[in-house]
Amino acid sequence: MPDQPQGSEARHGSPGAEPVLVIKDLVKHFPLTQGIVFHRTIGQVQAVDGVSLELHPGETVGLVGESGCGKSTVAKLVMALERPTSGQILFEGQDVAAMNNRQLRRYRRQVQIVFQDPYTSLNPRMTVGNIVAEPWEIHPDVVPSKDRPRQVRELLERVGLNPDYANRYPHQFSGGQRQRIGVARALALRPKVIVCDEPVSALDVSVQAQVMNLLEDLQDDFALSYLFIAHDLSVVRHLSDRVAVMYLGRIVESGSHAEVYDQPAHPYTQALLSAVPVRDPGLRGAKERIVLTGDVPSPANPPSGCRFRTRCWKAQDICASEVPALIDRGQGHPSACYFAESLEIVHTPTSS
């Protein structure tokens with residue numbers, strides 16, 4: 001098994017440590033073209049428009065928002081699968097976009113990803129053992145060839161799978177088991193950061209909790225940092241140390257777990273949290289349900305000013321003319337709303 005750094009501080013990060021990953025004013029626009037033979041640009045999709053985040057060692061940052069808000073594009077940019085239009089992604093102080101091929105190879109060893117769909121992220125023609133060991137073919141210095149069969153078995157066992165299943169194929173596993181295989185593959189290179197791109201959204205609710213608990217245990221054992229992307233705030237509730245809420249390419253609120261979940265200031269965050277079901281019958285009706293009207297605007301033609309204003313019950317003239325900055329407006333954490341106001345949220349008691 002790869003060396004396991006002790007994670008006594010890993011669960012809540014290291015506040016005094018330098019961030020391992022910094023995202024600064026990240027922008028990614030995709031051109032819209034017209035024509036079959038002669039393509040001409042007629043516009044652009046503003047998928048990500050000025051996102052800034054920091055991820056510290058051993059910390060989990062949750063990036064949450066509706067489908068289509070740009071979360072997965074952020075993941076692709078962090079993994080260097082897309083190049084940013086502008087802005088920077090810094091890994092341990094080094095600009096990822098400025099890396100040469102050798103540096104980029106080293107970077108991708110340190111930053112791994114767990115994909116959303118466990119049914120399409122695994123090669124159906126490869127055995128599970130070969131899937132987990134494949135990263136070592138690209139980075140042969142990580143594990144000697146003679147030790148790889150043993151390391152594969154230990155990784156499978158560590159993620160809760162029978163090591164004797166190494167010779168089976170992905171179609172012989174359930175969705176939750178396949179996602180565990182994806183996690184084992186991500187761990188194979190002993191990364192410092194794992195990007196989790198909606199890793200439980202395709203799984204049954206009962207299996208989601210198992211995978212989330214596994215990720216939390218692995219973070220403690222390996223001192224991992226997670227950028228955890230999800231569209232459901234309740235999914236990342238017990239795992240994230242800090243949370244950033246994204247809407248139509250921009251972050252509208254960020255803060256610690258307690259600040260965002262217990263005292264949300266932005267109307268969009270308040271609406272998302274009000275939609276989370278309350279399991280305790282005694283608490284039902286104790287909180288007001290906020291129902292948003294209208295659809296999410298197109299990222300190819302976003303509203304002027306505040307992008308949430310077309311669905312916001314607080315919107316006034318200034319919201320259409322000026323973009324609200326993401327700053328602390330007296331609630332103790334940043335929010336991008338001129339009329340930010342903390343709202344007490346009723347939660348169902350949960351066990352960590």
Between the side chains of [Y] and [X], is the shortest nitrogen-to-carboxylate-oxygen separation below 4.0 Å, so that they form an ion pair?
| X | Y | result |
| --- | --- | --- |
| R109 | D141 | yes |
| K71 | E198 | yes |
| E66 | R311 | yes |

Atom CG of N100 with >12 non-hydrogen neighbours under 6.0 angstrom | yes
Atom CD of E341 with >12 non-hydrogen neighbours under 6.0 angstrom | no
Under 3.5 Å donor-acceptor pairs involving side-chain atoms of residues 124-134, not counting sequence neighbours:
unit_1	atom_1	unit_2	atom_2	d
T127	OG1	N130	N	3.2
T127	OG1	N130	ND2	3.2

Taking all non-hydrogen atoms of both residues into account, name the closest pair between [X] and [Y] and its distance.
| X | Y | result |
| --- | --- | --- |
| G255 | H333 | CA-CB, 4.2 Å |
| P118 | S121 | CA-OG, 3.7 Å |
| I290 | S274 | N-OG, 3.0 Å |

Selection residues 161-179 - residue pairs positive for salt bridge (charged side-chain N to carboxylate O under 4.0 Å, His left out), sequence neighbours left out | R153-D164
Show every donor-acceptor pair shorter than 3.5 Å between a side-chain atom in residues 314-326 and any protein atom, with sequence neighbours excluded, or say none if there are none.
unit_1	atom_1	unit_2	atom_2	d
K314	NZ	F339	O	3.2
S321	OG	I318	O	3.3

F228: ring pair (Phe, Tyr, Trp, His ring centres under 6.0 Å) partners, not counting sequence neighbours | none
Output, in order, the C-alpha distance, side-chain angles, deciding distance and verdict of side chain to side chain donor-acceptor pair (under 3.5 Å) for R309 and S304.
-> CA-CA 9 Å; R309 66 177 176 80; S304 61; 3.2 Å; yes
Ring centroid separation for H266 and Y247, is it under 6.0 angstrom?
-> no
Using salt bridge (charged side-chain N to carboxylate O under 4.0 Å, His left out) as the criterion, list what pairs up with R185, not counting sequence neighbours.
->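 Applying salt bridge (charged side-chain N to carboxylate O under 4.0 Å, His left out) to R185 gives none.
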R329: what forms a salt bridge (charged side-chain N to carboxylate O under 4.0 Å, His left out) with it, not counting sequence neighbours?
->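 Partners of R329 by the salt bridge (charged side-chain N to carboxylate O under 4.0 Å, His left out) criterion come out as none, since no residue qualifies.
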Partner of S72 under side chain to side chain contact (heavy atoms under 4.5 Å, CB included), chosen from D197, L63, L77, V195 |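 Checked D197, L63, L77, V195 against S72; only one passes side chain to side chain contact (heavy atoms under 4.5 Å, CB included): D197.
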Relative to the ring of Y261, is the ring of H257 parallel (under 30°), tilted (30 to 60°) or perpendicular (over 60°)?
->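 Ring orientation of H257 relative to Y261: parallel.
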Is the backbone of A265 close enough, under 3.5 Å, to the side chain of E253 for a donor and an acceptor to pair up by distance?
-> yes
Single-linkage hydrophobic cluster, 4.5 Å side-chain cutoff, I229 and Y226 together |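 They do not share one cluster, since no chain of ILVMFWY contacts under 4.5 Å joins I229 to Y226.
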